[in-house]
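Let me begin by handing over the structure; questions about it come next.
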Amino acid sequence: MEATQFIELNAATVFLLVLIGFIGGMVSGFIGSGGAFVLTPAMMALGAPAMVAVASNICHKFPKALVGATKRHKYGQVDVKLGLILGLFAEAGMLAGKHLMVGISRQFGKVGTDLYVSTIFIVVLAAVGGFVLRDYRKLRHAPQDEEHVVPPLALWVRSIVIPGTMMHFDALQGRVSLLFVIPIGFATGLLASAIAVGGFIGVPAMIYILGVPALLASGTELVIAFVMGLGGTFLYGLEGAVDVRLSMLILLGSLFGIQLGAIGTTYVKDYQIKLVMAVIMLTVLFSRMFYIPGYLSELGMIAPLDHGSIATLKTLGDSVLAVALILGAVTVLTSLTKGIAEHRKADFARQLAAGMAAFTPAQGGLESGGRWRRILLATDGSEYSEGAIRVAAALARRNDARLFIASIAVYNPEYATTVPGLEQVALDQAGRNVAGAVQAAAGIVHEVVIAEAEDPYRGIVDAASEDRADLIVMGRRGKRGLARAMVGDATARVIGHAPCNVLVAPRGAAEWHQGILVATDGSRHGDAAARLAGQLALEWQLPLTVVSAVLPSHNEQRRREAVTAIDRVKAGLVRLPVQVTGIVAEGRPEQVILDQAGKAGADLIVIGTHGRTGLDRLLMGSVAERVIGFAACPVLAVKL
């Protein structure tokens with residue numbers, strides 16, 4: 001076998017690889033299917049041998065698959081056991097495919113592997129692209145809304161009992177013979193060894209042959225991709241075919257691009273995503289066809305072509321591929337730009353209102369606002385939403401408010417566009433999640449809101465914006481681990497990005513009837529929390545405790561500032577018929593807040609948040625995060 005040639009890296013090539021990774025990431029985030037069908041041909045167009053392009057693409061994919069699988073597992077969308085078993089047999093397919101690729105390389109050289117990979121691409125993209133185009137037409141004119149059912153083939157497969165081969169899988173809620181699982185894993189790995197994309201076989205096979213729900217199939221495929229990618233990198237690495245430089249450069253670009261692509265999906269309809277996917281796939285397919293005559297000529301399979309003709313065909317192929325990449329980038333960026341403009345307009349309106357409120361004189365200390373009129377309850381149907389449901393229903397009754405019961409249909413765009421019914425499965429589950437909340441809202445003016453999003457927090461935030469909610473009520477995870485684990489990633493992000501205040505209720509929470517505690521540090525965030533706490537104390541006719549914490553290391557000036565902050569809040573509330581107690585206590589802020597709430601008998605804690613910062617850790621502030629994570633009562637996170 002001739003020595004594997006890595007492409008030369010210079011400033012221009014490095015820039016192009018990062019750019020290709022960035023565009024591939026955007027395409028992946030926007031239309032799913034991993035974006036690998038764009039990256040492999042793009043690396044080949046830059047001069048990388050087909051085997052190097054495939055191997056380097058596999059290497060770049062498995063870290064992303066691990067992150068995606070971990071994230072999806074938190075939402076219960078991954079069958080780890082099924083993924084690992086399929087991944088194990090996918091490794092066998094990867095090994096066989098690698099041997100085939102190496103054999104072709106030894107007999108026919110670089111041109112032979114280029115022809116092999118290009119042919120597989122043309123066949124697979126023609127089949128998948130045509131299927132997606134058909135699905136686009138179906139959705140465009142007659143969107144699917146039927147219930148998900150187990151396909152007839154899967155029912156037959158499950159009915160076959162072969163002693164000694166049966167294994168139970170949670171995704172199936174039953175048993176199936178490994179003799180049906182093995183070929184699926186093998187075929188997935190075999191395809192991935194040729195074009196770095198195995199999910200085109202793995203996901204549909206899990207759905208139609210095994211009967212795995214579409215949502216679980218797309219999540220479980222990420223486990224397969226991780227196992228398969230890790231092993232594939234090792235196997236191809238033994239042949240010296242993995243160019244880590246290429247892998248890291250396209251990974252660098254794709255990590256940024258995939259975020260933009262995922263955001264862009266928020267602003268387009270599903271059938272539009274399918275159309276873009278079909279067009280890009282068929283365009284990439286068309287670009288590879290220009291290379292085939294040159295490969296066949298060099299191998300002597302057709303009449304020889306002169307170098308000028310081969311160069312012209314390559315230029316045409318490169319140009320068509322560039323069109324596919326530009327089309328993907330323009331589509332995503334156009335959707336993203338439109339969305340950003342809409343959010344900026346909404347943000348400006350909120351900031352203007354907040355600014356006007358900040359300069360309004362305090363008539364008697366506070367303005368009216370202790371009542372909510374439009375409450376959005378976010379529920380996932382789990383036990384962790386029980387307290388939020390009770391509190392939201394009680395608040396809606398007390399305030400005669402309209403209650404929006406929101407559940408998010410969560411699904412990852414990865415393979416979503418190639419799997420019929422994936423969105424519908426998520427929608428059906430979201431519909432079932434609101435049942436308990438709807439029952440609790442009996443007698444209340446309410447509306448069920450089912451939103452679609454890749455991340456729960458984004459769906460909740462968007463629903464609150466669209467329904468003009470003035471309060472979001474949601475649950476939090478149980479008492480375990482660190483504060484972030486307890487609060488929950490979705491809850492933390494909702495608080496950081498929400499257009500209104502957020503009330504977080506633990507599982508055992510109920511409406512407050514004993515007292516309210518507000519924490520202040522003298523900042524504008526603390527002042528905003530104190531103003532709203534005063535309004536609530538007046539509305540509920542409850543005592544209010546105002547707390548400010550100082551650390552043992554703080555000097556005398558900082559301690560005076562804490563006292564001043566308490567006095568300022570008390571002065572602002574002096575004209576209200578509210579019992580106000582001010583306390584300055586020493587200790588960690590979150591522990592002081594929780595301890596004083598217990599001593600005062602407060603069953604509502606009000607705390608200011610830092611608002612949007614763009615960084616997860618600073619979305620609401622670590623003190624607010626810990627208080628929410630450990631409090632036994634509802635915590636109201638107040639935003640400016």
Side-chain angles (χ1 to χ4, degrees), residues 74 378 384-385 387-388 391 456-457 460 472-498 501-509 512 515-530 532-533 544-554 558 561-562 565-566 569 583-640:
K74 291 194 302 182
Y384 300 114
S385 294
V391 172
Y457 92 90
I460 295 170
I472 296 174
V473 182
M474 62 188 304
R476 132 204 124 191
R477 291 293 170 180
K479 285 193 173 182
R480 54 180 174 78
L482 300 176
R484 166 54 63 89
M486 293 167 53
V487 174
D489 185 63
T491 305
R493 289 181 176 230
V494 167
I495 293 172
H497 292 280
N501 298 332
V502 181
L503 181 66
V504 182
R507 181 181 177 185
W512 46 94
I516 299 173
L517 180 140
V518 61
T520 181
D521 58 0
S523 68
R524 60 195 183 100
H525 306 287
D527 290 346
L532 182 53
L544 176 63
T545 302
V546 185
V547 174
S548 187
V550 294
L551 295 173
S553 59
H554 282 164
R558 175 64 187 87
E561 290 173 354
I566 295 291
V569 171
I583 298 174
V584 175
E586 186 176 283
R588 292 181 59 84
E590 64 274 12
Q591 195 58 53
V592 167
I593 294 169
L594 294 170
D595 289 346
Q596 294 301 323
K599 293 179 180 178
D603 47 3
L604 172 67
I605 296 175
V606 182
I607 190 166
T609 68
H610 294 173
R612 291 190 190 181
T613 66
L615 298 175
D616 288 348
R617 193 60 195 169
L618 298 178
L619 280 173
M620 59 175 173
S622 59
V623 173
E625 186 172 348
R626 294 189 186 104
V627 170
I628 293 171
F630 288 97
C633 64
V635 178
L636 178 60
V638 179
K639 300 172 64 72
L640 286 176

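The chain is numbered in sequence order, starting from 1.
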Please find the pair of heavy atoms, one from Leu544 and one from Ala533, that lie closest to each other, and give the distance. CD1-CB, 3.9 Å
So which heavy atom on Pro589 is nearest to which on Ala549, and how close? CA-CB, 3.7 Å
With sequence neighbours left out, the residues meeting side-chain contact (heavy atoms from CB on, under 4.5 Å) with Glu561 are Gln557, Arg558
Candidates Ile583, Val635, Val546, Val547 - the one meeting side-chain contact (heavy atoms from CB on, under 4.5 Å) with Leu517: Val547
Which heavy atom of Gly608 sits nearest a heavy atom of Ala529, and at what distance? N-CB, 3.5 Å
Taking all heavy atoms of Trp512 and all of Leu503, pick out the closest pair and write down the distance. CZ3-CD2, 3.9 Å
Asp527: which residues meet the side chain to side chain donor-acceptor pair (under 3.5 Å) condition with it, sequence neighbours left out? Arg568
How would you list, by chain and number, every residue that makes a side chain to side chain donor-acceptor pair (under 3.5 Å) with Arg588, sequence neighbours excluded? Glu590
Derivation of the side-chain contact (heavy atoms from CB on, under 4.5 Å) call for Val623 and Ile593: CA-CA 9 Å; Val623 173; Ile593 294 169; 4.1 Å; yes
Looking at every non-hydrogen atom in both residues, tell me the closest pair between Cys633 and Leu604 and how far apart they are. SG-N, 4.0 Å
With side-chain contact (heavy atoms from CB on, under 4.5 Å) as the test, would you mind laying out the steps for Ile516 and Leu636 before giving the verdict? CA-CA 10 Å; Ile516 299 173; Leu636 178 60; over 6 Å; no
What one should report as the nearest heavy-atom pair of Ala600 and Thr545 is CB-OG1, 3.6 Å
Is there a side-chain contact between Val638 and Val518 (heavy atoms, below 4.5 Å)? no
Not counting sequence neighbours, which residues clear side-chain contact (heavy atoms from CB on, under 4.5 Å) with Ala509? List them please. Val391, Ala505, Pro506, Pro634
Donor-acceptor contact below 3.5 Å, side chain Asp603 vs main chain Gly515: yes
Quick one: does any side-chain atom of Lys639 pair with a main-chain N or O of Thr609 as donor and acceptor, under 3.5 Å? no
Strictly distance-based, threshold 3.5 Å: is any side-chain N or O of Ser548 a donor or acceptor partner for the main-chain N or O of Thr520? yes
Audit row: Ile605, Leu594, side-chain contact (heavy atoms from CB on, under 4.5 Å) steps and yes/no: CA-CA 9 Å; Ile605 296 175; Leu594 294 170; 4.2 Å; yes
